[in-house]
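The structure under discussion appears below in the form of structure tokens.
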2 protein chains.
Amino acid sequence: MSKPVSAQALSRMPVYLHYLKALPTDKETNISAKALGLKLGFGEIQVRKDLAAVSDAGKPKLGYSVSELISDIEAFLGYDSVNDAVLVGAGKLGRALLSYEGFKANGLNIVAAFDSDEGKCGKDESGKQILPLEKLENLCRRMKIKIGIITVPAAQAQQVCELLISGGVEAVWNFAPTHLSVPQGVILKNENMAASLAVLSKRLSDKNSANKTAQVMQGKGDPK
Amino acid sequence: MSKPVSAQALSRMPVYLHYLKALPTDKETNISAKALGLKLGFGEIQVRKDLAAVSDAGKPKLGYSVSELISDIEAFLGYDSVNDAVLVGAGKLGRALLSYEGFKANGLNIVAAFDSDEGKCGKDESGKQILPLEKLENLCRRMKIKIGIITVPAAQAQQVCELLISGGVEAVWNFAPTHLSVPQGVILKNENMAASLAVLSKRLSDKNSANKTAQVMQGKGDPK
DNA sequence: ATTCAATCGATATTCTATTATCGATATACC
DNA sequence: GGTATATCGATAATAGAATATCGATTGAAT
């Protein structure tokens, strides 16, 4: 197991995992690559290749053992060992992430949040502590936190990022709509909503202009 | 202009755009692909190729005219014409997105939100209306809304998605952690945080186990 | 005016990811 | 038990994206 996996295959893993876990346990205990692909919108060969990289739960004629597959993917993703993280920026988005219950199913545990605004500090409705920014570096170091989540406004993001890194954080998950520069060796993952939106709206406008062109070509333009 | 652009190049466009817009206007009016790439962490050839696809603001020896580049990218992305959208699911994440001021800079205008919980209905602190779900289909049709944003729990996402589509929505931006199936012709963009997280945490654990291996190979394991 | 350095844009190459092909294997049916 | 069929896994082919090469162009320096 653990053959090389592309970043794209890697990001499909949670999709498989989520679907498999939602499967009723009483029904079939096995599932084929074809069936999985059909449900998730992937090609069946891609499914096989992805799964082959992380598991050997596949048997000809039978398909994959659902339960084995689940534990293999979880092990591969490291979801069995929980990653502790801190979050910086207790604005709307930050608090939404703090309250999100789904992270723990993905092996992520946000231990505390930080904000420069003392007014926001205290216990959040999620039950988690929001602490003043001054305590960030120390807490990260003490608790050996490796993951930092940035949900501050763009203008402060770089500064916060550096603070995290000086606290020993090795991976930064950035939700601020800006580019961060990090030293070699620190992992940076941008959650870039503007990028997603660009893809979405471009596809939409392409589709619509394609329709218009088709209509023009068929003489279906506005009748005068 | 408007040569074929890959989805990946497309998602870099907002990154260029954001950086260019943040540039001080009084300083240099031009910028080279090399300088841009250095700031944003892209290769200089990639930058040139990306920009060549949407603009002809590049001049040898001078670089690109910043202002021309900005308007070319904006035009390419369709940010000059605003897209109206609705949002379904006025939970924490939904309200965070409702309040986010940055969307309008990306040509997106959320006209209203919807929720099945009547208690959440009324005016949001963002100033936008939260309406009961029953009004969704009608409003979409009346206002010719083309984009729907889904921020409901996974269990309701498919149902909401179908409601949007029956209201005439042509593009769905899904924040629910689940796979949606949409009819041919409808554009679906999943904002999959679990996928991003998987990439992040895998890279982190790879890095750490690589370090350990290196230490072992160098005889730097725990001294006994 | 001529040369030089910077930088672009187009083409070619390499690398990566997806999709197709095909032999192998496990079960079910006869 | 033998044969047919579904399905896997490995290898090969294709497609797509990133990167390198190179000639062309522009402004600056001599």
Side-chain angles (χ1 to χ4, degrees), chain A residues 1-13 15-16 20 23 28-70 72-73 76 190 192 195 198-199 202-203 206, chain B residues 1-13 15-16 20 28-70 72-73 76 192 195 198-199 202-203 206:
Chain A
M1 57 169 137
S2 240
K3 309 172 190 180
V5 169
S6 72
Q8 287 157 92
L10 183 47
S11 43
R12 286 189 291 269
M13 294 301 168
V15 180
Y16 296 124
L20 292 169
L23 241 36
E28 302 291 323
T29 59
N30 285 34
I31 188 164
S32 73
K34 194 172 179 180
L36 253 174
L38 215 61
K39 288 288 183 182
L40 300 178
F42 304 144
E44 82 175 286
I45 296 136
Q46 185 168 68
V47 173
R48 260 194 234 115
K49 201 170 187 196
D50 287 349
L51 298 186
V54 302
S55 172
D56 56 352
K59 294 252 171 59
K61 179 84 180 186
L62 287 175
Y64 298 84
S65 152
V66 172
S67 59
E68 271 188 70
L69 210 43
I70 289 176
D72 285 347
I73 296 175
F76 172 78
N190 289 300
N192 193 340
V199 173
K202 191 74 175 77
R203 278 199 261 165
D206 282 356
Chain B
M1 53 167 142
S2 239
K3 306 169 191 182
V5 170
S6 73
Q8 288 158 89
L10 183 46
S11 50
R12 287 189 292 269
M13 294 300 169
V15 181
Y16 296 124
L20 292 169
E28 303 290 324
T29 58
N30 284 35
I31 188 164
S32 74
K34 195 174 178 178
L36 253 175
L38 214 61
K39 288 288 184 184
L40 301 179
F42 303 145
E44 82 175 286
I45 296 136
Q46 185 169 66
V47 173
R48 261 195 233 114
K49 203 172 183 194
D50 286 350
L51 299 185
V54 302
S55 172
D56 55 354
K59 294 252 172 60
K61 180 84 179 181
L62 287 176
Y64 298 84
S65 153
V66 172
S67 58
E68 270 187 71
L69 209 44
I70 290 176
D72 283 347
I73 296 176
F76 172 77
N192 194 340
V199 174
K202 190 74 175 79
R203 279 200 260 167
D206 282 355

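Below, chain A is the first sequence line, B the second, and so on; all start at residue 1.
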Qualifying residues under ring-ring contact (aromatic ring centres under 6.0 Å, His included), relative to B/Tyr64, sequence neighbours excluded: none

Spacing between B/Arg12 atom CZ and D/dT19 atom P, to the nearest angstrom: 8 Å

Exercise: identify the closest heavy-atom pair between B/Asn30 and B/Gly63: ND2-O, 4.2 Å

Heavy-atom pair with the smallest gap, counting every atom of B/Val199 and A/Ser11: CG2-CB, 4.1 Å

Integer-rounded Å distance: C/dA20 C1' and A/Lys49 NZ: 11 Å

Sugar-phosphate only, base, or nothing, as touched by A/Lys34 at under 4.0 Å among non-hydrogen atoms: nothing

Residue pair B/Glu44 / B/Ala33: nearest heavy atoms and the distance that separates them: O-CB, 3.8 Å

Exercise: identify the closest heavy-atom pair between B/Leu51 and B/Ile73: CD2-CD1, 4.3 Å

Separation of D/dG9 C1' from A/Leu36 CG (nearest whole Å): 16 Å

Spacing between A/Met13 atom CE and C/dA17 atom C1', to the nearest angstrom: 13 Å

Strand-adjacent residues in residues 60-70 of chain A, judged by heavy atoms under 4.0 Å from DNA chain D: A/Pro60, A/Lys61, A/Gly63, A/Tyr64

B/Gln8 side-chain N/O to D/dA18 phosphate OP1/OP2 under 4.0 Å: yes

Along DNA chain C (nearest heavy atom to each residue), the more 5'-positioned of A/Lys59 and A/Asp50: A/Asp50

Atom of A/Ala57, atom of A/Leu69 and distance for their closest heavy-atom approach: CB-N, 4.1 Å

Sugar-phosphate, base or nothing in reach of B/Gly58, heavy atoms under 4.0 Å: sugar-phosphate

Side-chain heavy-atom pair A/Lys202, B/Met13 within 4.5 angstrom cut-off: no

Separation of C/dA6 P from B/Arg48 CZ (nearest whole Å): 13 Å

Nucleotide C/dT19, atom P - distance to CD of A/Glu44 in whole Å: 12 Å

Sugar-phosphate only, base, or nothing, as touched by A/Ala9 at under 4.0 Å among non-hydrogen atoms: nothing

Length of the CD-C1' vector between B/Gln46 and D/dG16, whole Å: 13 Å

Nearest-angstrom distance from the residue atom CZ of B/Phe42 to P of D/dT19: 11 Å

